[in-house]
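Remarks on the structure that follows.
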Amino acid sequence: SILSLAAGAPSTFIVHPLTSSMKIQKGSIDMMLENNSANMTDALEHVVDQYGFEVMLCPGVVKNPSDGSDVVNSIIESLKQEAAGKKAHRSLSSSDRFFWTSSESTTTEEHRHILSEHSRSLMWSLAMAKGIESQHQCTSMFDNLLVTAASGTGSDFTISAREADKLGSRACQLSLMAGIAVSPDVCVVAPIAEIKIRNVASQWIVQSGVQGHRPFF
């Protein structure tokens, strides 16, 4: 088992559990909310084009590369059922399992202290409430998701929209990302960055390496 492997690890190794929040790539939240923390409610309800998400399954989850898409589609289907109010009997919700929104019954005293002191907990609670926990507000997003293999290994996938304008609000997108992150089969999830022209920045980087200094043109 995983616990026995951890217990038998060399003393020079540090074994740390991979929590759901650790699976989300650094900078993802700032990129998705565009650093809009002044009015968090408006930012979460804002409907904006999103290219999709990158998902990496954990090593050993699939033995046959062709099975990987079934695993990811199963995760999404489970979240879709949860969003429709059809969560499996006695199973914890994504909100209960996600680090920043964990229920009191699933957290330690130290964990609860972290949640009470951190503004990110409030942001995620709002996102879940206005997203996957809302009354069918994310239906169009789930109906529009498309899973595509990003490599031949069966572990790397992109989750995108069949129609770019139907991934719903930021709350729906964030709660989808949180729901994916709580799956034990997933090791990494991140939004796909929007491709933008950055010629102005590229010029000084190439010409001098000094911000704003373009000696050639």
Side-chain angles (χ1 to χ4, degrees), residues 1-3 5-6 15-29 32 50-103 105-107 111 115 120-121 123-125 127-134 138-139 141-151 153-161 167-168 170-192:
S1 68
I2 295 175
L3 289 176
L5 286 172
V15 179
H16 193 289
L18 185 63
T19 65
S20 51
S21 62
M22 293 167 63
K23 299 178 183 180
I24 297 175
Q25 184 173 297
K26 183 179 180 180
S28 295
I29 310 308
M32 291 182 67
Q50 170 71 34
Y51 287 95
F53 298 92
E54 297 174 312
V55 175
M56 185 178 77
L57 298 178
C58 296
V61 170
V62 293
K63 292 180 172 60
N64 189 332
S66 62
D67 295 336
S69 60
D70 290 338
V71 174
V72 179
N73 277 308
S74 176
I75 293 170
I76 292 175
E77 180 60 27
S78 176
L79 293 172
K80 181 180 179 179
Q81 293 299 314
E82 181 180 337
K86 300 176 182 178
K87 181 172 64 69
H89 182 57
R90 291 189 176 181
S91 65
L92 291 172
S93 67
S94 297
S95 183
D96 287 333
R97 291 183 291 157
F98 187 59
F99 179 86
W100 289 112
T101 55
S102 302
S103 63
S105 62
T106 61
T107 56
H111 188 167
L115 298 183
R120 183 136 294 182
S121 176
M123 184 280 293
W124 277 111
S125 295
M128 299 299 268
K130 293 179 177 294
I132 199 171
E133 294 179 347
S134 61
C138 302
T139 300
M141 176 190 72
F142 280 108
D143 289 341
N144 193 43
L145 295 180
L146 177 66
V147 176
T148 307
S151 70
T153 63
S155 60
D156 302 308
F157 295 87
T158 60
I159 299 175
S160 57
L167 267 188
R170 284 302 194 208
C172 288
Q173 296 167 19
L174 284 166
S175 58
L176 170 64
M177 186 163 64
I180 293 171
V182 301
S183 170
D185 293 334
V186 173
C187 274
V188 179
V189 58
I192 298 174

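Side chain of Lys23 to backbone of Ala181: a donor-acceptor contact under 3.5 angstrom is found. Judged by distance alone, with hydrogens and angles left aside, the side-chain atoms of Ser28 form no donor-acceptor pair with the main-chain N or O of Ala190 at under 3.5 Å. In this structure a side-chain-to-backbone donor-acceptor pair under 3.5 Å is missing from Asp96 to Leu92. Ser78 places no side-chain N or O within donor-acceptor distance of the main-chain N or O of Ser74, the cut-off being under 3.5 Å.
At least one side-chain heavy atom of Phe53 sits less than 4.5 Å from a side-chain heavy atom of Gln173. By the 4.5 Å heavy-atom criterion applied to side chains, Val186 and Val55 are counted as neighbours.
Minimum interatomic distance between Trp124 and Leu174 (heavy atoms only, all atoms of both residues): CZ3-O, 3.3 Å. Summarising the geometry of Ser151 relative to Asp156, their closest heavy-atom pair is OG-OD2, 3.2 Å, with the distance given to 0.1 Å. Nearest heavy atoms, Ser134 versus Gly131: OG-O, 2.5 Å. Listed here is the closest heavy atom pair of Ser95 and Glu82: N-OE2, 4.4 Å. Across all non-hydrogen atoms, the minimal contact from Phe142 to Ala83 is CE1-CB, 3.7 Å. The two residues Pro184 and Cys58 come nearest to each other via the heavy atoms O-SG, 3.9 Å.
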Check against side chain to side chain contact (heavy atoms under 4.5 Å, CB included), Ile132 and Cys172
CA-CA 6 Å; Ile132 199 171; Cys172 288; over 6 Å; no
Run the numbers on Ile24 and Phe98 for side chain to side chain contact (heavy atoms under 4.5 Å, CB included), then give the verdict.
CA-CA 11 Å; Ile24 297 175; Phe98 187 59; 3.9 Å; yes
In sequence, state the C-alpha distance, the side-chain angles, and the governing distance for Ile159 and Val72, and then conclude on side chain to side chain contact (heavy atoms under 4.5 Å, CB included).
CA-CA 9 Å; Ile159 299 175; Val72 179; 4.0 Å; yes
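Not a single side chain to side chain donor-acceptor pair (under 3.5 Å) links Glu54 to another residue, sequence neighbours left out. Listed by chain and number, the residues in a side-chain contact (heavy atoms from CB on, under 4.5 Å) with Ala129 are Glu133 (sequence neighbours excluded). Partners of Ser121 according to the side-chain contact (heavy atoms from CB on, under 4.5 Å) rule, which considers only residues two or more places apart in sequence or in another chain, are Trp100, Leu115, Ser125. Looking at residues two or more places apart in sequence or on another chain, you find a salt bridge (Lys or Arg N to Asp or Glu O under 4.0 Å) between Lys80 and Asp143. Residues that satisfy the side-chain contact (heavy atoms from CB on, under 4.5 Å) test with Ser155, not counting sequence neighbours, are Leu57, Thr153.
Between Cys138 atom SG and Asn144 atom CG the span is 12.5 Å, to the nearest 0.5 Å. Here the straight-line distance linking atom OG1 of Thr101 with atom CE of Met123 works out to 10.0 Å at 0.5 Å rounding. With rounding to the nearest 0.5 Å, the separation of CE in Met177 from CG in Leu79 is 13.0 Å. Residue Met128 holds its CE atom at 10.0 Å from CG of Leu176, rounded to the nearest 0.5 Å. Distance check, rounded to the nearest 0.5 Å: CD1 of Ile180 to OG of Ser20 gives 12.5 Å. Interatomic distance, CG of Leu146 versus CG of Asn73, reported as 8.5 Å (0.5 Å rounding).
Counting only residues at least two apart or on different chains, no side-chain hydrogen bond (donor to acceptor under 3.5 Å, both in side chains) pair has a member in residues 175-192.
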